[in-house]
Amino acid sequence: MTGNNASPFSLLIKPASADCNLRCAYCFYLERSSLYSQTKRHRMSRDVLERIISSYMATEQPQYSFGWQGGEPILMGIGFFEKVVSLQKKYGKAGAVVGNGVQTNATLIDDSLASFFGRYNFLLGVSLDGPENLHNTYRVSARGRGTHERVVKSIQTLRKHNVEFNILTAVNSANVKKAAEIYHYLLDNNLFFHQYIPIVEFGDNGQALPFSIRGGEWGEFLCAIFDEWIKSDVRRVSIRLFDAVLNLLAQGVRAVCTMGSNCCQYFVVEYNGDIYPCDFFVDSNKLLGNIRSSNWQQLLESPVYRNFGAQKSRLNSHCIECPYLQLCAGDCLKHRFYGPPGERQPENISWLCEGWKMFYEHTLPTFRRMAREVRR
């Protein structure tokens, strides 16, 4: 696929599959290792990596966006990322803009890796769930030990080498009541780029797992963060959700996939080249193909991919009437597939619906005023 009529898309690549040095209780991806149980150690080969980069950079994109995720992508080591950059240089057209992001638990970062990431302008997403007592509740090593101290040390290493990074805070049952404490902890440590991610997972019986949060809790958390932010931090602290709301209100740009009306926005590429439509739906029945035998145009036109994406607009009738639909867009499909397996449907109201309503009711007048100022 090399024509100008291609839909823009990005890649989320799992070079070590679900392999990870941690055992975070709420991780949804660890169990995906069952898809590739024929081997215990999963590492992307040079051939697969080259096929991914060469074929993607032959498409027409406004920016070539590579997200490296896991599991833990840092398990691949610095040599892998050196290959990534060399292949991007080899296959990139003159003037092409390339972005690399790495989502990491930040326990394996050393000076050499940080220096490399700084030199090539990688953007890192560092997982940190708040102060030590909150972070260590669920983010533990394979031996069950807390990881907070190691993360803080790695953050210092990233700073030393001028690496750009954001903080990703998983909002779970242990920290959902501590919004202001988490927010000020991050600010006290000069961490000003935040992303808050709700943790919602269900067991085989359809019941929410103990670390999951409920809609009302999510709403209270977001409202508390907003109330702290709006006091004096609007120009100092970037919160991804708040930035996305302002982008939509001021410029009509839907900057995060959950705000879109269709889920055909990126591809997940597993360590062996298998391709899926979404990080949360890496399942055998959603397998689209393999990069060694499929091209991107075929994948974009795949009926499985198109049908998956179209589910986003299959809304509950209550959503159609909701004053916040243009912002929420029904929420992520992941939060609409819940309950007993036979009842998981895209028409479900989001598990977090109550919280989104609380948040938008509380904040929208202020966001609209801010958006008018931005437009002026």
Side-chain angles (χ1 to χ4, degrees), residues 24-26 28 127-139 166-189 191-202 207-234 236-246 248-249 256 258-259 316 318-319 322-336 338-339 348-370:
C24 304
Y26 52 64
F28 70 92
S127 293
L128 179 63
D129 287 357
E132 186 169 17
N133 62 314
L134 299 179
H135 177 94
N136 285 347
T137 303
Y138 292 126
R139 299 197 65 81
N166 301 332
I167 295 298
L168 278 59
T169 298
V171 182
N172 56 71
S173 60
N175 65 8
V176 69
K177 304 291 188 186
K178 306 286 187 178
E181 181 181 344
I182 293 168
Y183 180 80
H184 288 291
Y185 168 79
L186 297 179
L187 265 58
D188 289 346
N189 286 278
L191 299 165
F192 301 123
F193 293 86
H194 305 181
Q195 184 176 348
Y196 297 100
I197 304 165
I199 296 296
V200 179
E201 297 293 334
F202 300 92
Q207 298 296 308
L209 293 172
F211 45 72
S212 297
I213 63 171
R214 297 185 176 271
E217 293 176 317
W218 177 234
E220 289 171 1
F221 181 91
L222 289 179
C223 290
I225 294 286
F226 180 86
D227 288 345
E228 297 303 312
W229 175 76
I230 201 67
K231 289 175 186 174
S232 58
D233 295 330
V234 170
R236 182 170 69 129
V237 179
S238 168
I239 296 173
R240 191 181 185 209
L241 171 62
F242 299 176
D243 293 344
V245 173
L246 280 170
L248 181 55
L249 293 175
V256 293
T258 54
M259 288 181 167
N316 188 285
H318 291 283
C319 297
C322 179
Y324 309 120
L325 178 61
Q326 288 305 307
L327 292 146
C328 165
D331 199 12
C332 178
L333 282 175
K334 177 181 189 287
H335 299 139
R336 286 155 54 179
Y338 57 83
N348 282 350
I349 289 179
S350 165
W351 179 261
L352 299 175
C353 174
E354 179 188 356
W356 287 120
K357 285 181 175 177
M358 287 171 63
F359 170 67
Y360 285 121
E361 183 178 354
H362 181 68
T363 64
L364 210 46
T366 305
F367 275 132
R368 284 185 171 134
R369 175 177 53 76
M370 294 169 71

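Values below: every heavy atom of this structure, side chains too, minus hydrogens, waters and symmetry copies.
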Undergrad: Once rounded to the nearest 0.5 Å, what's the spacing between atom SG of Cys328 and atom CD1 of Ile349?
TA: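 Here the rounded value is 10.0 Å.
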Undergrad: Are the side chains of Ile213 and Phe221 in contact, using a 4.5 Å heavy-atom criterion?
TA: no
Undergrad: Minimum heavy-atom separation for Cys332 to Thr258, with atom names?
TA: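 Residues Cys332 and Thr258, closest heavy atoms: CB-CG2, 3.7 Å.
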Undergrad: Determine the minimum heavy-atom distance between Pro198 and His335, stating which atoms define it.
TA: CG-CE1, 3.9 Å
Undergrad: How about Ile230 and Thr363: do any of their side-chain heavy atoms sit closer than 4.5 Å?
TA: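 With C-beta onward as the side chain, the pair stays apart.
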Undergrad: If you take all heavy atoms of Cys223 and Met358, which pair is closest and at what distance?
TA: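 That closest heavy-atom pairing would be SG-O, 3.7 Å.
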Undergrad: Could you tell me whether a side-chain N or O of Asn175 sits under 3.5 Å from a main-chain N or O of Asn172, the two making a donor and an acceptor?
TA: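 At least one qualifying donor-acceptor pair exists.
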Undergrad: Taking all non-hydrogen atoms of both residues, which atom of Arg336 and which atom of Asp331 are closest, and how far apart?
TA: NH1-O, 3.5 Å
Undergrad: Using a strict threshold of under 4.0 Å (side-chain N to carboxylate O), is an ion pair present between Arg139 and Glu132?
TA: no
Undergrad: Please walk me through it: do Leu222 and His362 pass side-chain contact (heavy atoms from CB on, under 4.5 Å)?
TA: CA-CA 10 Å; Leu222 289 179; His362 181 68; over 6 Å; no
Undergrad: Testing the basics here: between Val237 and Trp229, what is the closest heavy-atom pair and its distance to 0.1 Å?
TA: O-NE1, 3.0 Å
Undergrad: Quick check: does any side chain N or O of Asp129 sit under 3.5 Å from a backbone N or O of Ala170, one acting as donor and the other as acceptor?
TA: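 Such a contact is found between Asp129 side chain and Ala170 backbone.
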Undergrad: Under 3.5 Å, is there a donor-acceptor pair between the Tyr26 and Ser173 side chains?
TA: no
Undergrad: So which of Tyr196, Tyr360, Phe193, Phe359 actually passes ring pair (Phe, Tyr, Trp, His ring centres under 6.0 Å) with Phe242?
TA: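 Exactly one option meets the ring pair (Phe, Tyr, Trp, His ring centres under 6.0 Å) with Phe242, and it is Phe359.
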Undergrad: Once rounded to the nearest 0.5 Å, what's the spacing between atom CE of Met259 and atom CG of Leu241?
TA: 5.5 Å
Undergrad: So, Lys334 side chain and Val200 main chain: donor-acceptor pair closer than 3.5 Å or not?
TA: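 Looks like yes, one N/O pair under 3.5 Å.
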Undergrad: If I compare all heavy atoms of Ser350 with all of Tyr338, which pair ends up nearest, and what's the gap?
TA: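 Minimum heavy-atom contact is C-CE2, 4.2 Å.
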Undergrad: Could you list the residues that satisfy salt bridge (Lys or Arg N to Asp or Glu O under 4.0 Å) with Arg214, not counting sequence neighbours?
TA: none
Undergrad: Nearest 0.5 Å, please: how far is CG in Leu246 from OG1 in Thr366?
TA: 10.5 Å
Undergrad: Backbone N or O of Glu201 within a donor-acceptor pair of the Ser212 side chain at under 3.5 Å?
TA: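 Present.
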Undergrad: Any chance you could measure Leu333, atom CG, to Asn348, atom CG, to the nearest 0.5 Å?
TA: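 Result: 10.5 Å between the selected atoms.
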Undergrad: Roughly how far, to the nearest 0.5 Å, is the CG atom of Leu325 from the NE2 atom of His318?
TA: 13.5 Å
Undergrad: Quick one: CZ on Arg369 to CZ on Phe367, what's the gap to the nearest 0.5 Å?
TA: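 Rounded to the nearest 0.5 Å, the CZ-CZ separation comes to 10.5 Å.
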Undergrad: Within the 4.5 Å heavy-atom criterion, are Val256 and Asp243 side-chain neighbours or not?
TA: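 Val256 does not reach Asp243 side chain to side chain.
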Undergrad: Would you mind writing out the side-chain donor-acceptor pairs for residues 178-187 within the sub-3.5 Å range, not counting sequence neighbours?
TA:
| unit_1 | atom_1 | unit_2 | atom_2 | d |
| --- | --- | --- | --- | --- |
| Tyr183 | OH | Asp233 | OD2 | 2.6 |
| His184 | NE2 | Glu228 | OE1 | 2.7 |
| Tyr185 | OH | His148 | NE2 | 2.7 |

Undergrad: Are the side chain of Thr169 and the backbone of Leu128 linked by a donor-acceptor contact shorter than 3.5 Å?
TA: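 Judged by distance alone, yes, a pair lies under 3.5 Å.
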Undergrad: Is Asn189 reaching over with its side chain to a backbone N or O of Leu191, donor-acceptor style, under 3.5 angstrom?
TA: no
Undergrad: Applying ring pair (Phe, Tyr, Trp, His ring centres under 6.0 Å), name anything that partners Trp218, two or more places apart in sequence or on another chain.
TA: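 Trp356.
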